[in-house]
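Worksheet for the structure shown next.
Any value given below was found using the heavy atoms of this structure, including those in side chains, with hydrogens, waters and symmetry copies removed. Position 1 is the first residue of the sequence, and the numbers go up from there.
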Amino acid sequence: YLALCEEGSGKYYEAFKSYQKVLDEYPQSERVKEVIEKEYQTGNLFFSGREKKILGLSFSSALERAVEIFQKVIANEPFGKYSDLSQFKLGLCRAKQGKYDEALEKYTAAKEAAPDSDIVNFDLGAALYQKGMYQESVDAFTKALNTEDREIEASAIYNIANAKYKLGSTMADTDLNGAANLYRESIDYYKRAIESDEKNTDAKFNHELAERELKALLEKIKNQPQQQ
């Protein structure tokens, strides 16, 4: 009851502490799952920023509290529903903090629990992209295309285009033909991204950039000395 009162008063962190005290003192209680769900919901408040708007917490402080709560949820119920969700949210927290190694670790754990999740695969792709692991990010984004969410689909297509463009750029000095093929593939995906979302000005800009890079590369290939 204390936790509910604290929650009702907007004292969310104090409510979390009270919920955790219940779990520590009464681990066999019939209400354990209900309390864990409450903790997870509290972690989401800090993650979303709603709590910091109420109490004036800084962005970083709110995220650190979210991390603390999600870690407790995982410890409280290692193989439960909210443990899997908390692993995923921990990845999002670390990505927001720029801690991409930790984000990648959490997304990988979340993928083991939900290998076909469109959201998990999309965010795993984003973390891999930030780490410069472009081919792996293409693989993850491609799996995220298996979704009924049109927004996730459009974003995954756009990010596949970006990753293929980056892959092409890394090969532009060593494998001209391979780079050209990747630029062509990126252009195709940018076209799909624009068709999916005509307001995506970034896709339009990158599409034009990739076309210019491909044109310059093809000219370079054309002017290469012919092998005897």
Side-chain angles (χ1 to χ4, degrees), residues 36 39-41 43-49 59-60 62-171 182-183 185-186 188-190 192-194 196-197 200 202-203 206 210:
I36 289 174
E39 285 193 338
Y40 175 76
Q41 291 172 348
N44 269 337
L45 290 177
F46 284 98
F47 173 76
S48 68
F59 176 75
S60 59
L63 280 180
E64 283 301 332
R65 286 192 174 178
V67 166
E68 178 187 353
I69 294 171
F70 290 136
Q71 287 175 334
K72 274 295 183 182
V73 171
I74 294 168
N76 290 332
E77 191 185 34
F79 304 105
K81 169 186 175 183
Y82 291 103
S83 174
D84 294 341
L85 290 170
S86 293
Q87 285 281 11
F88 175 62
K89 285 297 176 69
L90 275 175
L92 293 178
C93 287
R94 293 315 190 192
K96 282 188 173 185
Q97 293 171 319
K99 298 178 180 179
Y100 297 113
D101 286 330
E102 291 186 42
L104 189 55
E105 177 185 340
K106 301 305 178 185
Y107 289 141
T108 301
K111 182 175 171 59
E112 290 176 0
D116 298 322
S117 168
D118 52 355
I119 297 174
V120 169
N121 278 297
F122 181 88
D123 287 311
L124 175 61
L128 289 164
Y129 183 90
Q130 292 293 340
K131 289 286 294 175
M133 301 170 69
Y134 301 122
Q135 183 55 59
E136 292 85 349
S137 74
V138 167
D139 295 340
F141 285 131
T142 300
K143 290 178 182 177
L145 291 176
N146 185 24
T147 179
E148 296 181 359
D149 189 315
R150 299 283 73 84
E151 184 177 351
I152 290 177
E153 180 184 32
S155 295
I157 290 170
Y158 171 66
N159 281 287
I160 290 171
N162 286 339
K164 284 182 174 291
Y165 174 80
K166 286 286 190 179
L167 273 172
S169 296
T170 64
M171 298 168 61
L182 284 163
Y183 283 150
E185 291 175 15
S186 74
D188 288 340
Y189 273 97
Y190 282 131
R192 288 179 59 185
I194 294 167
S196 299
D197 180 8
N200 190 338
D202 288 336
N206 289 351

- line: Heavy-atom nearest pair, A103 first then G91, reads CB-O, 3.4 Å
message: Give me the atom names and distance for the closest heavy-atom approach of S186 to A161.
response: CB-O, 3.4 Å
- prompt: Are Y158 and N206 close enough, and set up right, to give a side chain to side chain donor-acceptor pair (under 3.5 Å), and what steps lead you there?
  reply: CA-CA 10 Å; Y158 171 66; N206 289 351; 3.2 Å; yes
field: Heavy-atom closest contact (E77 atom, Y82 atom, distance)
entry: OE1-N, 4.3 Å
query: Of the non-hydrogen atoms in F46 and A62, which two are nearest, and what is the gap between them?
result: CB-O, 3.4 Å
query: In Å and rounded to the nearest 0.5 Å, what is the CG to CG distance from L145 to N121?
result: 10.0 Å
- request: Output the distance between atom NZ (K164) and atom CD (Q135), rounded to the nearest 0.5 Å.
  value: 6.5 Å
- prompt: Under 3.5 Å, is there a donor-acceptor pair between the side chain of S155 and the main chain of I152?
  reply: no
field: Atom pair CD (E153) and OG (S196), whose distance is rounded to the nearest 0.5 Å
entry: 5.5 Å
message: For a quick test of reading the model, state the closest non-hydrogen atom pair linking V73 to S83 and the distance between them.
response: CG1-N, 4.2 Å
field: Side chain T170, main chain L167, donor-acceptor under 3.5 Å
entry: yes
statement: By side chain to side chain contact (heavy atoms under 4.5 Å, CB included), S117 pairs with (sequence neighbours left out) A114, I119, V120
task: Check whether the side chains of Q97 and E64 place a donor and an acceptor atom closer than 3.5 Å, and report yes or no.
output: yes
field: Rounded distance [0.5 Å steps], CD1 in I36 versus CD1 in I74
entry: 11.5 Å
- prompt: Hey, is CG on N146 packed in by over 12 heavy atoms from elsewhere, all under 6.0 Å?
  reply: no
query: Less than 4.0 Å between a side-chain N and a carboxylate O, is that true for E68 and R65?
result: no
query: Does a side-chain heavy-atom distance below 4.5 Å link L104 with M133?
result: yes
query: Quick one: does NZ or CZ of K72 land under 6.0 Å from the six-membered ring centre of Y40, within 45 degrees of the ring axis?
result: no
field: Distance in Å, I157 CD1 paired with N200 CG, rounded so as to fall on 0.5 Å steps
entry: 10.5 Å
query: With a 4.0 Å cut-off, would you call D101 and R94 a salt bridge?
result: no
- request: Side-chain contact test, heavy atoms from C-beta onward, threshold under 4.5 Å: evaluate it for Y190 versus Y165 and give yes or no.
  value: yes
- request: Assess whether atom NZ of K111 is packed by more than 12 heavy atoms of other residues, nucleotides or ligands within 6.0 Å.
  value: yes
query: Do N159 and Y129 come within less than 4.5 Å of each other through their side chains, counting heavy atoms only?
result: no
- prompt: What distance separates D149 CG from D118 CG, expressed to the nearest 0.5 Å?
  reply: 6.5 Å
- request: Apply side chain to side chain contact (heavy atoms under 4.5 Å, CB included) to the pair L63 and F47, showing each step before the final yes or no.
  value: CA-CA 6 Å; L63 280 180; F47 173 76; 4.1 Å; yes
task: For G125 and S137, work out which heavy atoms get closest and say how close.
output: O-CB, 3.3 Å
message: Quick check on K99: does its NZ atom have over 12 non-hydrogen neighbours (other residues, nucleotides or ligands) under 6.0 Å away?
response: yes
- prompt: Can you name the side chain to side chain donor-acceptor pair (under 3.5 Å) partners of K106, sequence neighbours left out?
  reply: none
